[in-house]
Colleague: 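Encoded as structure tokens, here's the structure I'll be asking about.
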Amino acid sequence: MVFRYLLVAIGVLCAATGSPAGGGVGSSNPIHNQCEYSSGDGICFGHELRRKKFLMADGFTNLNHGSFGTVPAPVADQQYSYFLEQEAYPDTWFRVNYFTYIDESRSALAKYVNASVEDLVLVENASSAMNSILRSIALSRGDKVMLLSTAYGMVTETLDWLVSTAGIELVIVNVEFPLVDEEQILGGVRAALTANPDIKVSIFSHISSMPSLIEPVKEMTALVRELSSSLVVVDGAHAPGQLDIDLNALQVDFYLGNCHKWLYAPKGTAFLWTTRRQQQSDESSQRSPEPTVISSSGKHDYIGRYAYTGTRDYTHFTTVPAALAFRDYLGGDAAIMGYCRRLAADAAEMLVSQWGTSMLVPLDMVSFLFSVILPSTDADAIAYVQSTMDSEYLIYFVYDKTVSAKTGETIFFTRLSAQVYLELSDFERFGALLPKLLLEYSAKHAHV
Ligand SMILES: Cc1ncc(COP(=O)(O)O)c(C=O)c1O
């Protein structure tokens with residue numbers, strides 16, 4: 001087995017960011033009145049909206065919307081009504097109605113991401129779409145695939161499998177934290193492409209997972225087009241609902257996005273968008289991208305291959321229009337994005353000042369997901385704080401670690417999610433509790 005990795009480190013070491021958030025935080029515009037943002041029928045964003053329109057348990061504070069999303073009650077109701085329709089007349093559902101509904105979902109979604117409906121299919125999740133793409137492209141020994149070190153674990157696992165089974169080589173562009181600006185990333189991508197103009201596939205995240213940042217996908221794609229003939233694949237798992245997406249303008253070859261994270265669709269709803277040129281459906285040629293499951297439907301065209309992948313519950317696929325209707329009910333993307341970005345900025349500013357730490361990524365490179373350095377480097381203490389907050393205070397947050405390019409030391413950070421059902425007071429409670437629990441841990445272990 002050949003495991004060959006080419007690592008291209010971004011040359012620029014991060015300079016210390018003068019302000020905690022690299023300059024972005026200072027421009028926040030605090031929300032003083034929750035009812036500044038409200039639904040069509042006057043429900044104020046924050047706790048009232050959460051109580052009346054979401055299904056989370058009473059008293060639970062979800063600071064990690066990013067991992068799994070959560071579905072609003074009206075969307076869940078719509079899904080359930082499709083479920084009842086499916087169970088009432090299974091054959092009618094599976095042979096006729098479902099196909100009408102999925103086309104309605106595809107059309108609504110295509111409009112939302114500014115794409116042609118013929119290029120967009122629904123898949124269960126980002127992982128499935130990425131596997132379809134990477135396992136369908138004909139790659140052989142020595143072919144190079146470029147990715148950033150911020151790529152999601154599923155991407156690196158799939159590529160590792162291709163390294164061991166097909167003998168591909170990986171060109172990894174290292175992204176260093178704390179990040180100062182997107183030039184750091186562009187410099188690394190430019191260097192990688194200049195050193196490896198024969199790269200076959202380039203994979204970028206529209207918004208990376210941990211730490212979370214908006215990657216300069218348009219600019220990176222322009223570099224790929226200028227310096228190579230590589231295909232461009234964008235993992236937009238976190239983008240729908242957090243960013244304005246214009247697929248016609250992006251000029252990439254493949255784009256995938258989750259609807260179950262930020263768009264308010266039920267879990268198991270995602271999409272794959274493929275340029276016409278890459279949708280090979282000619283019986284004599286390799287079919288690419290092939291769904292992860294080849295079904296009995298007998299349909300071999302791009303849309304048909306993905307519409308049915310065996311018997312299972314497809315009701316989540318039919319609820320995209322309901323999720324988009326819920327967004328409209330909240331005032332559309334302008335209201336949702338306006339609220340969540342302001343809440344993220346307010347919360348980040350409050351936490352860095354309370355903890356005396358800083359952000360890992362400047363605010364102008366994040367949307368609803370933001371990463372703040374924790375005021376501790378003690379892994380056991382942080383694990384204690386996380387599990388205590390979860391079990392005793394019903395607050396859930398995620399954290400991870402990275403090596404600071406500034407100091408060379410390991411730093412721990414939390415990745416937090418702003419969402420329409422949260423208020424600044426949720427982050428204030430979390431911000432005050434965390435140092436208290438760190439002290440509690442120290443006191444418990446002082447004499448051990
Ligand atoms: C950047 C990124 N890509 C892909 C995924 C995988 O998404 P899914 O589990 O829906 O397949 C995630 C999940 O969090 C992610 O953060």
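Ligands are counted one by one from 1 in listed order, and the atoms in each one are counted from 1 as well.
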Colleague: Would you mind running through ligand 1 and noting each atom that sits below 4.0 Å from a heavy atom of M154?
Modeller: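 With M154 as reference, the close atoms of ligand 1 come out as 4 (C).
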Colleague: I'd like to know if V155 contacts ligand 1, where contact means a heavy-atom distance under 4.0 Å to any ligand atom.
Modeller: no
Colleague: Inspect the contact between R276 and D119 and indicate whether a charged nitrogen and a carboxylate oxygen are less than 4.0 angstrom apart.
Modeller: yes
Colleague: Could a heavy atom of K267 be found less than 4.0 Å from some atom of ligand 1?
Modeller: no
Colleague: What is the closest protein heavy atom to atom 16 (O) of ligand 1, and at what distance does it sit?
Modeller: H238 NE2, 2.8 Å
Colleague: Centroid-to-centroid, F368 to H65, below 6.0 Å?
Modeller: no
Colleague: Does atom CZ (F68) have a neighbourhood of more than 12 heavy atoms from anything else shown, all under 6.0 Å?
Modeller: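 No, CZ of F68 has 12 or fewer neighbouring heavy atoms, counting only those of other groups under 6.0 Å.
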Colleague: What protein heavy atom sits nearest atom 11 (O) of ligand 1, and how far off is it?
Modeller: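 The protein heavy atom lying closest is S127 OG, 2.6 Å.
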Colleague: Considering only non-hydrogen protein atoms, determine which one is nearest to atom 6 (C) of ligand 1 and report residue, atom name and distance to 0.1 Å.
Modeller: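 For this ligand atom, the closest protein heavy atom is Y152 CE2, 3.4 Å.
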Colleague: With a 4.0 Å heavy-atom cut-off (strictly under), which part of S205 contacts ligand 1: side chain, backbone, both or neither?
Modeller: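 Neither part.
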Colleague: Show me which atoms of ligand 1 lie under 4.0 Å from any heavy atom of I207.
Modeller: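 That gives atoms 1 (C) of ligand 1.
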Colleague: In the protein, what heavy atom is nearest to atom 1 (C) of ligand 1, and what distance, to one decimal place, separates them?
Modeller: D235 OD2, 3.5 Å
Colleague: Donor-acceptor pair, distance only, cut-off 3.5 Å: does the side chain of H316 make one with the backbone of G268?
Modeller: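 Checking the backbone N and O of G268 against the side chain of H316, a donor-acceptor pair under 3.5 Å is found.
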Colleague: Compute whether any side-chain donor of one residue and acceptor of the other, for T318 and Y98, lie under 3.5 angstrom apart.
Modeller: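 The criterion, which ignores hydrogens and geometry beyond distance, is not satisfied for Y98 and T318.
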Colleague: Looking at every heavy atom in both G431 and L351, which two are closest together, and how far apart are they?
Modeller: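 Looks like CA-CD2, 3.5 Å.
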Colleague: Can you name the atoms of ligand 1, numbered from 1 with element, that are less than 4.0 Å from a heavy atom of N125?
Modeller: 8 (P), 10 (O), 11 (O)
Colleague: Check this for me, if you would: do E124 and R312 make a salt bridge, where the nitrogen-to-carboxylate-oxygen distance has to be below 4.0 angstrom?
Modeller: yes
Colleague: Is the closest side-chain donor-acceptor distance between T309 and S295 under 3.5 Å?
Modeller: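 No, S295 and T309 have no side-chain donor paired with an acceptor closer than 3.5 Å.
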Colleague: Hey, does the Lys NZ or Arg CZ of K401 hover above the aromatic six-ring of F177, less than 6.0 Å from the centre and inside 45° of the axis?
Modeller: no
Colleague: Using heavy atoms and a threshold below 4.0 Å, how should the contact between H260 and ligand 1 be classified: side chain, backbone, both, or neither?
Modeller: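 Under 4.0 Å from ligand 1, H260 contributes side-chain atoms alone.
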Colleague: Say whether K261 and ligand 1 are in contact under the criterion: heavy-atom distance to a ligand atom below 4.0 Å.
Modeller: yes
Colleague: Heavy-atom contacts with S209 under 4.0 Å: which atoms of ligand 1 show up? List them by number with element.
Modeller: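 Heavy-atom distances to S209 below 4.0 Å select 16 (O).
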Colleague: Is it the case that ligand 1 has an N or O less than 3.5 angstrom from some N or O of G66?
Modeller: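 It does not: no N or O of G66 is found under 3.5 Å from an N or O of ligand 1.
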Colleague: Can you list the steps and then say if Q419 with N62 is a side-chain hydrogen bond (donor to acceptor under 3.5 Å, both in side chains)?
Modeller: CA-CA 9 Å; Q419 200 28 277; N62 185 12; over 6 Å; no
Colleague: Looking only at non-hydrogen atoms, which of L369, N258, T150 approaches atom 10 (O) of ligand 1 most closely?
Modeller: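 That would be N258.
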